[in-house]
Structures are given as structure tokens and as C-alpha cells.
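The next block holds one structure in the form of C-alpha cells; read it before the comments.
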Amino acid sequence: MRLLVISDIHANLEAFEACRAAFPPYDSVVNLGDIVGYNASPNEICERARAMGGLVVRGNHDRVCSGLADMTDFNLVAAMSAKWTQMTLLPENTEWLRNLPQGPLRQNGLEDVEFVHGSPRDEDEYVLNAFTATADFRLPGHASTIFFGHTHLQGGYICEDGRAHPFSPVYETTEEIAQFTVRLDSGKRHLINPGSIGQPRDGDWRAAFAYYESGGDAPAKLTFYRVPYDVESAQQRIFAANLPERLGLRLKLGR
Ligand code: ZN
């Protein structure tokens with residue numbers, strides 16, 4: 001099965017459209033959540049995410065922006081953008097976000113793979129280091145391969161000798177479209193983050209996603225992508241909406 005894995009689009013229309021033009025042919029798509037929040041195109045992105053179909057896991061911004069949770073865990077900038085998103089979302093998109101399922105989810109036809117927004121034990125947990133990833137690998141009853149989002153950092157962890165070891169893609173370019181492919185050792189467990197389409201935070205401004213090809217008896221193949229997009233237009237949309245300026249400035253920094 002050829003699986004497209006996307007996450008943390010965060011209402012960034014320009015980034016999403018650039019990725020859409022770069023998506024390789026796929027059989028199924030999984031969206032790891034945070035469809036809205038931060039950027040200025042929540043309705044356009046909800047419509048496109050709904051039209052793509054596939055599996056969608058809810059994120060913390062989806063919960064807050066659709067009124068399912070309050071903003072107490074949000075910093076000032078996140079709260080301001082959530083408030084703006086609540087006022088801007090069309091009722092049918094709010095309703096769709098409200099009804100998104102909580103992870104972990106599984107995909108028909110894909111054994112031993114799970115999908116979460118934050119982590120397998122908590123949809124709001126940030127898997128930011130090997131310590132947290134090791135604790136997640138030690139949870140009983142979970143799949144060998146777990147795709148997660150939430151941190152906006154592309155890469156992941158491999159479990160060896162009971163401990164998590166980080167890995168991240170290495171690209172030869174910084175401004176062009178780029179991809180990086182690895183084989184996933186079938187005897188090992190992996191936590192994999194496709195990166196964020198709409199607000200990357202790993203120092204690379206290009207939109208990020210991943211592509212997973214399960215190979216039957218052969219080891220699965222994983223390809224990370226980075227796609228340049230029209231950041232200036234995304235920024236202009238943020239400034240025109242009177243969203244906090246920092247939300248626009250950070251896009252070009254990839255932070
Ligand atoms: Zn997010």
C-alpha cells in the first residue's frame with residue numbers, strides 16, 4: 001500500500017497547494033490533525049482536507065478552534081489565532097472538526113501501523129526527545145510503526161535495545177523540492193513524524209510531508225519530502241487578517 005501521511009497543515013493554503021502538486025500517486029491518505037489554527041485559510045483547508053477523504057485524527061488546535069476544548073493550554077499568540085479561527089470557520093467546517101476522532105487510529109489493510117496526533121499515550125503529548133519516545137515504545141499493545149505529528153519536526157525515532165534513537169532526513173538542497181528515502185527494518189519499531197505542512201519548526205521553511213510504502217514481506221520504504229511554497233502570499237494573508245505578525249514572520253524562518 002502506498003500511503004500519504006500529512007500533518008499540521010494549520011490553515012496554510014499556499015503550503016498545502018504546493019504539496020498537493022508534489023504528492024506522489026497514493027492509495028490512501030492519513031491526516032494527523034491540526035488542520036486549522038495559526039494561519040489564515042481555515043475554511044479553504046477544511047474543504048480540501050474533507051475532499052481528500054482518508055483517515056483524519058483530530059489535533060489540539062482542531063479541538064480548541066471548534067469549541068471542544070478551552071484555550072487554557074495555549075500561549076497568547078495561539079489563543080488569538082484560535083479565537084480568530086472560531087469566528088472565521090463556517091458552521092459546517094466547525095462541525096466536521098468537532099467530530100474528528102481521537103487517535104490512536106488504524107488504517108484498514110495496514111497491519112501493525114498506528115496514527116496519533118501527539119503520542120500513543122496522550123493526544124497532547126509532545127514527543128520531542130528520546131526519553132519520551134522510549135517511554136512510548138515501552139507502552140504495551142501498540143503497533144510497531146506509529147506515525148505522529150504535533151511537534152512540527154520532521155523525522156522520528158527507531159527503537160534499538162529497548163531505547164529510542166532519533167533520526168531525521170538529510171537534504172542536499174535548502175530552497176528546492178527535496179526528498180529523502182529510508183528502508184524501515186521490519187524487525188524494529190519506529191515512531192515517525194512526517195513534519196508540518198503549514199508551520200515547520202525544524203529550521204527548514206519548506207512544507208513537509210511523508211510517503212510510506214508497505215512492501216508485504218519486503219521492508220517498508222519511507223520517503224520524507226520538503227516542498228517550497230509561496231511564503232510571502234501566506235504571510236500577506238496573515239497580516240491582512242490582523243492575526244499576530246509573529247505568525248507570518250516565523251514561516252520564513254521555519255521556527
Ligand atoms: Zn500543530
Side-chain angles (χ1 to χ4, degrees), residues 5-16 19 29-42 44-46 48-49 55-86 88-89 93 96-98 100-105 115-120 122-129 132 146-156 191-210 224 226-227 229 231 234 238 243-244 246-251 253-255:
V5 189
I6 60 178
S7 192
D8 296 276
I9 306 170
H10 281 295
N12 187 332
L13 181 61
E14 286 73 14
F16 181 80
C19 286
V29 56
V30 178
N31 184 331
L32 303 179
D34 275 5
I35 291 141
V36 299
Y38 292 135
N39 297 299
S41 304
E44 294 86 340
I45 289 300
C46 281
R48 283 159 177 77
L55 211 60
V56 186
V57 186
R58 74 179 188 189
N60 52 319
H61 285 257
D62 305 322
R63 254 170 37 235
V64 170
C65 293
S66 65
L68 273 184
D70 63 30
M71 299 178 193
T72 43
D73 290 338
F74 276 17
N75 63 35
L76 184 62
V77 167
M80 287 170 77
S81 79
K83 193 81 209 157
W84 179 89
T85 303
Q86 286 178 347
T88 304
L89 276 173
N93 290 330
W96 178 70
L97 291 168
R98 282 182 85 94
L100 290 176
Q102 178 181 352
L105 298 182
F115 304 94
V116 303
H117 180 66
S119 87
D122 179 353
E123 61 180 330
D124 291 340
E125 180 180 63
Y126 289 92
V127 183
L128 283 167
N129 54 54
T132 307
I146 302 172
F147 283 94
F148 70 102
H150 198 37
T151 64
H152 301 204
L153 306 174
Q154 193 178 48
L191 274 157
I192 301 163
N193 191 324
S196 167
I197 288 186
Q199 194 194 73
R201 294 180 193 160
D202 44 17
D204 187 335
W205 64 276
R206 296 172 294 181
F209 65 89
F224 291 109
R226 294 313 276 241
V227 181
Y229 71 96
V231 174
I238 288 167
L243 281 160
R246 153 132 178 85
L247 291 173
L249 300 178
R250 70 186 299 176
L251 292 179
L253 305 171
R255 295 283 178 204

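All residue numbers refer to positions in the sequence shown, counting from 1. Every number for a ligand or one of its atoms is a count from 1 in the order of the listing. Note that the structure is predicted; figures quoted are calculated from it, not measured. Just so it is clear, the values below take in all heavy atoms, side chains as well, and ignore hydrogens, waters and symmetry mates.
- Between Phe147 and Phe115, the ring planes are parallel. Angles under 30° get that label, and only those over 60° would be called perpendicular.
- With sequence neighbours left out, the salt bridge (Lys or Arg N to Asp or Glu O under 4.0 Å) criterion links Glu14 to Arg237.
- The aromatic ring centroids of Phe148 and His117 lie 6.0 Å or more from each other.
- Between the side chains of Asn12 and Tyr38, not a single donor N or O lies within less than 3.5 Å of an accepting N or O.
- Protein nitrogen, oxygen and sulfur atoms, that is N, O or S, within less than 2.8 Å of the Zn ion (ligand 1) amount to 4.
- The minimum heavy-atom distance between Thr132 and Val127, with the atom names listed, is CG2-CA, 4.2 Å.
- A donor-acceptor pair is defined here as one N or O able to donate and one able to accept, closer than 3.5 Å; such a pair exists between the side chain of Asp62 and the backbone of Ile35.
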